[in-house]
Amino acid sequence: MRQLANEVRAVMIAADTYRRAMAAALGVGVTEVSALGEIRQDGPLTPSELARRLGLTSPSVTSLLDRLEAADLVVRQRHPADRRSVLVELTDTGDELLVAAFEQFSEDVASAVRSASPEHVRELGELLGGVAGALRTRAGDRDGMVIGLDRHVARRRRSGDGAAEANSGSS
């Protein structure tokens with residue numbers, strides 16, 4: 001199982017590298033790409049909802065939205081149900097760029113698994129969906145995450161292999 005975890009970690013690192021490269025190609029930062037992805041996935045969002053999802057402060061989201069608006073990727077409009085609030089939505093340009101980015105990503109993933117049988121690709125998709133769900137669940141349980149980390153640190157300290165194993169693990 002450790003080898004599987006290492007492979008999943010390698011995919012996560014590769015995906016993060018890919019996301020940075022895509023952000024550079026779009027002419028924005030990684031946080032901006034994350035914001036655009038959240039808006040595209042779930043439709044118009046309030047700045048406070050975007051801040052919560054991205055783990056940013058309100059002033060940081062305001063600055064991020066200013067940059068995205070200046071790049072003609074998003075627009076802030078009055079919230080139809082709450083006139084004190086605004087909704088952030090993609091512009092046509094922002095949507096077009098995101099669609100192109102997702103299409104490029106899909107093509108790159110398809111290219112990587114082209115030699116696999118359709119059955120194996122389906123199984124891989126199901127497995128990855130399960131891994132993603134488990135990781136989202138753990139990420140949503142902050143207390144459980146802290147308890148789990150504490151447990152692993154204590155175990156490694158007891159066995160005396162913490163530093164040696166941490167330095168020999170794959171990156």
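Every heavy atom of this structure was used, including side-chain atoms; hydrogens, water molecules and symmetry mates were not. All residue numbers refer to positions in the sequence shown, counting from 1.
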Distance in Å, [X] [atom1] paired with [Y] [atom2], rounded so as to fall on 0.5 Å steps:
{"X": "E69", "Y": "T62", "atom1": "CD", "atom2": "OG1", "value": "10.5 Å"}
{"X": "D95", "Y": "I39", "atom1": "CG", "atom2": "CD1", "value": "11.0 Å"}
{"X": "T46", "Y": "H79", "atom1": "OG1", "atom2": "NE2", "value": "7.0 Å"}
{"X": "R155", "Y": "R158", "atom1": "CZ", "atom2": "CZ", "value": "7.5 Å"}
{"X": "R114", "Y": "E107", "atom1": "CZ", "atom2": "CD", "value": "9.0 Å"}
{"X": "D72", "Y": "T91", "atom1": "CG", "atom2": "OG1", "value": "4.5 Å"}

Original post:
Do V88 and V75 come within less than 4.5 Å of each other through their side chains, counting heavy atoms only?
Top reply: no
Should the heavy atoms of other residues, nucleotides or ligands under 6.0 Å from [atom1] of [X] be counted, would the total exceed 12?
{"X": "Y18", "atom1": "OH", "result": "yes"}
{"X": "D82", "atom1": "CG", "result": "yes"}
{"X": "E123", "atom1": "CD", "result": "yes"}

Original post:
Which is it for D42 and R53 under the side chain to side chain contact (heavy atoms under 4.5 Å, CB included) test, yes or no, and what are the steps along the way?
Top reply: CA-CA 11 Å; D42 291 329; R53 289 180 182 208; 2.5 Å; yes
Answer with yes or no whether the hydrophobic clustering places [X] together with [Y]; edges join I, L, V, M, F, W, Y residues whose side-chain heavy atoms lie under 4.5 Å apart.
{"X": "L98", "Y": "F105", "answer": "yes"}
{"X": "L54", "Y": "M22", "answer": "yes"}
{"X": "L64", "Y": "V86", "answer": "no"}
{"X": "L45", "Y": "L87", "answer": "no"}
{"X": "L4", "Y": "L135", "answer": "yes"}

Original post:
Under the side chain to side chain contact (heavy atoms under 4.5 Å, CB included) criterion, do V8 and M12 qualify, and how do the steps go?
Top reply: CA-CA 6 Å; V8 170; M12 291 169 66; 4.0 Å; yes
Between [X] and [Y], what is the shortest heavy-atom contact and its length?
{"X": "V61", "Y": "P47", "result": "CG1-O, 3.7 Å"}
{"X": "H120", "Y": "S117", "result": "ND1-OG, 2.8 Å"}
{"X": "L26", "Y": "V33", "result": "CD1-CG2, 4.2 Å"}

Between [X] (side chain) and [Y] (backbone), is there a donor-acceptor pair under 3.5 Å?
{"X": "R78", "Y": "R83", "answer": "yes"}
{"X": "E38", "Y": "A35", "answer": "no"}
{"X": "T137", "Y": "G133", "answer": "yes"}
{"X": "S106", "Y": "F102", "answer": "yes"}
{"X": "S63", "Y": "P59", "answer": "no"}

**OP:** Take L90 and L73, measure what side chain to side chain contact (heavy atoms under 4.5 Å, CB included) needs, and give me the verdict at the end.
**Re:** CA-CA 6 Å; L90 295 175; L73 299 174; 5.7 Å; no
Original post:
side-chain hydrogen bond (donor to acceptor under 3.5 Å, both in side chains) between R19 and S34: does it pass, once the steps are laid out?
Top reply: CA-CA 9 Å; R19 186 171 53 145; S34 295; 2.9 Å; yes
Original post:
Is there a side chain to side chain contact (heavy atoms under 4.5 Å, CB included) between R40 and V99 once you walk through the steps?
Top reply: CA-CA 9 Å; R40 181 149 203 300; V99 167; 3.0 Å; yes
Original post:
R136 and D141: salt bridge (Lys or Arg N to Asp or Glu O under 4.0 Å), yes or no, with the steps?
Top reply: CA-CA 9 Å; R136 274 192 299 275; D141 178 13; over 6 Å; no
